[in-house]
Amino acid sequence: MGTSSRPIVLDGGAGPRAHAYPDVRPDEDLLAGLNPQQREAVTYRGQALLIVAGAGSGKTSVLTRRIASLLRNREAWPSQILAITFTNKAAGEMRERVEQLVGDTARGMWISTFHSACVRILRREAEQFGFTKAFTIYDSGDSRALIKRLVKEHEADAYGLTPAATQGKISKLKNELADAESYARSANMSDPAERVFVELFAAYQRELQRANAFDFDDLIAQTVFLFRAFPQVADVYRRRFRHVLVDEYQDTNHAQYSLIHELTRPIGSDAAPLAGAGGMMIFEPDPADDPDKAGASLTVVGDSDQSIYAFRGADIRNISEFERDFPGAKVVLLEQNYRSTQNILSAANAVISHNFDRKDKRLWTDVGEGERIIGFTGYSQHDEAQFVADEIEVLRKAGVDYSQMAVFYRTNSQSRALEEIFIRSAVPYKIMGGTKFYERAEIKDALAYLVAVANPADEMAMRRIINRPRRGIGDVTIETIARYAVDQQITFRDALANSSALGVGPKIQAAIAHLDAVLAEASALMLPPSGELAPPTAVAEGLQLLLSKSGYYDALRASKDAQDEARIENLDELVAVAREFARNNPEGTILDFLTEVALVSDADDLEDASGSVSLMTLHTAKGLEYDAVFVTGVEEDLIPHRISANEPGGPQEERRLFYVGITRARKRLYLSLAMTRAQFGEVTVAMPSRFLQEIPNELLHWRQSPGDVNSRGGTQSRALNARRQSGSGFGGSGSGGSGSRYGDDLVPLPRRAPGGSIDRFANKIPAKVRDNGDLELGPGDRIRHDDFGEGKVDAVTGEGAKRVAHVRFDTAGPKKLLIKIAPIEKL
DNA sequence: CCCCTGCTAATTTTT
DNA sequence: TTAGCAGGGG
């Protein structure tokens, strides 16, 4: 492909308008339904384009149409396009939507995350700088394990260098493209802690190199180093990618920014300066001088108001200073929102406008005001959760599908209370991005087995599996093997083959020999020596082989720990993933499989529209949208989170996070909080978030305001409020208690109607969820419920642990209960 | 070497 | 509250 014919460039980048062919543009249909700004974003041609895309402004649509337009107009071959997203999910979506527009042509494009794009490049070029293409990718857990070992070896704990702190610092430095050496130059080396840190950093990097491994940050940073050290390599990619598009640009860190810069540089531009002390070289020749050497065109899309990853190195300046970085860049502003009602947008605008130092941008819509935002204050997080659950049921009855509702929270730990209530209320839910499948110990073990086969240099993987399942090999033996390997100048893996030379007991020696044999057998299956291709099923079969013959499966089966049953299921799931992978990638090798697995995240859970409510953190929510959104825990110290107070720019980032949450909602938005919140056993008093005050009163309707909960009792809400008389305490909100200041100025809105739900909500959740086992219930049975009293079973639906009883209570009315855990007994 | 117990410490966000 | 770890007994 791509023989002699260069793509025909229509409009030569001469201007934003395609005025030459107003009626016959081959991409005319792509522009249908776009507003003028969106059109401009699709059709503008030039070196650099920044699309400032507010929440819900149709940026994905614009980006995909822009790509389609380039292809349709024959301005680019698919292979010349590099589109970079932040998540695999976003990449998948983009590819799908481009395919819809241009069909199979989309195949040759690189649409991927930063990380997978870099892996592709690194696999190809690894040999250039001391790695092999079989390198392993260390996720943060792997690198933590390694750092932990090094911290111990260096006794760095004494200097306050905990594994976590060390890892964080190294990561930060790598995102700034620093290495141990360059850091040492700028650090205060008279501080012993700094010296130890530098030593740790260097040792860590040595270990990675020795293991033929890159950590997450290295994938980006090392690619940049590669491009800088080998300009002719960089030029290969510069020549190839003529159009670079980056999504979520506000989330890029310095390393990613540099990578984009390297890729879009004029071809051949940095070969000389790097080589020589000459100093007379022209660094960046004006692309206009020589069209063949011009850098790729760059399109970035982003919204600085949605930058929520500064904590891990995202630099908002990358986007706010784009025009300075790329002189002559065109900026298109997308402000029309196609997602939310005006009330929701007004609230979002009001909140975000409190951030100073931002370019003004106001989202608007033409769909109308919509419902008011609903606020609710619970006495406890359980009370709050009950409100959410009840409201979800109301919406459900009104015809809103569960899959169109979402509940957000700031910290993962908040999901617990919600889950408890949801289970008891039989609200189907799904936690997005909780404990991740690929971080489970058994999955990591299984993958370590695969790594041990694919990359024998990876000692970390070997250390992980050598005593899993238990083989009687402990620290002493491991160190014996490691020392032997060093002495013989062979890898840890190869040392296993000489088990008889290790000088260990016969039992242990046999165990080592067995493991060695299993690994060798799997290796023969998955990596045929003669160079022929392994069959597509090799990975799945090899994995099975490893798990069976190593005794891993047997050990789990023999265990009486109930959790181990689930572990077997997880492993079966992993084998299924491997099969699926083989189906999708007939040519896929064990390396490809490991790469994919290392780079997927929970965010890639396709949102399984199987009718459940989605629960997730505010961070996870970015990029998603739902008809109804509940933002919970809108309290001081939660959002804004307490830790953010000390970080520069922290409170502003928290506000953006809240803004992101608000703007996920299409039609209905709920903001809820609790007056008390139990964290690690202790009950603490929570205060309404300052962000609530930033929402204009007329947009927010309180079902139960903080004043309702607090005006009479300050902190001891529960007991007092349980029997509150309707209408009392009105206007007297200044009366004592630490909460009064909120009662006064934060909650001027009308109180909830008298006779409301206080008794219903208060204090009804016992500390522990119980287990009724296989309690048999059928229609007609009478039961007693701890809270609801007696009632009659109307029907039983569902199966196994998810059996639900539909009960009509004598006083409390109809309820749905999960039989397994509801506090009920049969009468 | 393995397992258990009792203690401590840590609770933000994650490609 | 709980997860994870160190230290001691088997």
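Just so it is clear: chains get the letters A, B, ... in the order the sequence lines come, proteins before strands, and each one is counted from 1.
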Which residue, D458(A), D142(A), D215(A), forms the side-chain hydrogen bond (donor to acceptor under 3.5 Å, both in side chains) with T136(A)?
D458(A)
Looking at dT14(B), dT2(C), dT15(B), which one has an atom nearest to any side-chain atom of T87(A)?
dT15(B)
Regarding dT12(B), can its base be found pairing with the side chain of H641(A) as donor and acceptor, where the two atoms are less than 3.5 Å apart?
no
Using the six-membered ring wherever Trp is involved, compare the ring planes of Y237(A) and F241(A) and label them parallel, tilted or perpendicular (cut-offs 30° and 60°).
parallel
Given the C1' atoms of dT12(B) and dC5(C), what is the spacing between them in whole Å?
23 Å
Within the pair S413(A) and dT2(C), is there a side-chain N or O less than 4.0 Å away from OP1 or OP2?
no
Taking CG from L638(A) and C1' from dT12(B), how many angstroms apart are they, rounded to a whole number?
10 Å
Closest to side chain of T617(A), choosing from dT13(B), dA3(C), dT15(B)
dT13(B)
Rounded distance (Å) that lies between atom C1' of dT13(B) and atom CZ of F86(A):
12 Å
Whether N467(A) contacts dC2(B) is assessed here as follows: a side-chain N or O lying under 4.0 Å from the phosphate OP1 or OP2. Is that the case?
yes
Aromatic contact, H641(A) with F311(A) (centres under 6.0 Å):
no
Hey, which of Q205(A), Q167(A), H154(A) is the one that makes side-chain contact (heavy atoms from CB on, under 4.5 Å) with L200(A)?
H154(A)
When the distance from CZ of F408(A) to P of dT13(B) is rounded to whole Å, what number comes out?
16 Å
OP1 or OP2 of dT15(B) under 4.0 Å from side-chain N/O of K622(A):
no
For dT14(B) and T620(A) - does any side-chain N or O of the residue sit under 4.0 Å from the phosphate oxygens OP1/OP2?
yes
Between P on dA10(B) and CZ on R144(A), what's the gap in Å once rounded to a whole number?
14 Å
Regarding Q256(A) and D251(A), is there a side-chain donor-to-acceptor distance under 3.5 Å anywhere?
no
Would you tell me if any nitrogen or oxygen in the side chain of R470(A) comes within less than 4.0 Å of OP1 or OP2 on dC3(B)?
yes
To the nearest angstrom, the OH-C1' distance between Y409(A) and dT12(B) comes to 13 Å
Find the distance I431(A):CD1 to dT14(B):P and express it as a whole number of Å.
13 Å
H619(A) NE2 to dT12(B) P: how many Å, rounded?
12 Å
Base, sugar-phosphate, or nothing for S140(A), non-hydrogen atoms under 4.0 angstrom?
nothing
Would you please confirm or rule out a distance under 4.0 Å between OP1 or OP2 of dT12(B) and any side-chain N or O of N412(A)?
no
Side-chain donor or acceptor of R410(A) under 3.5 Å from a matching atom on the base of dT12(B)?
yes
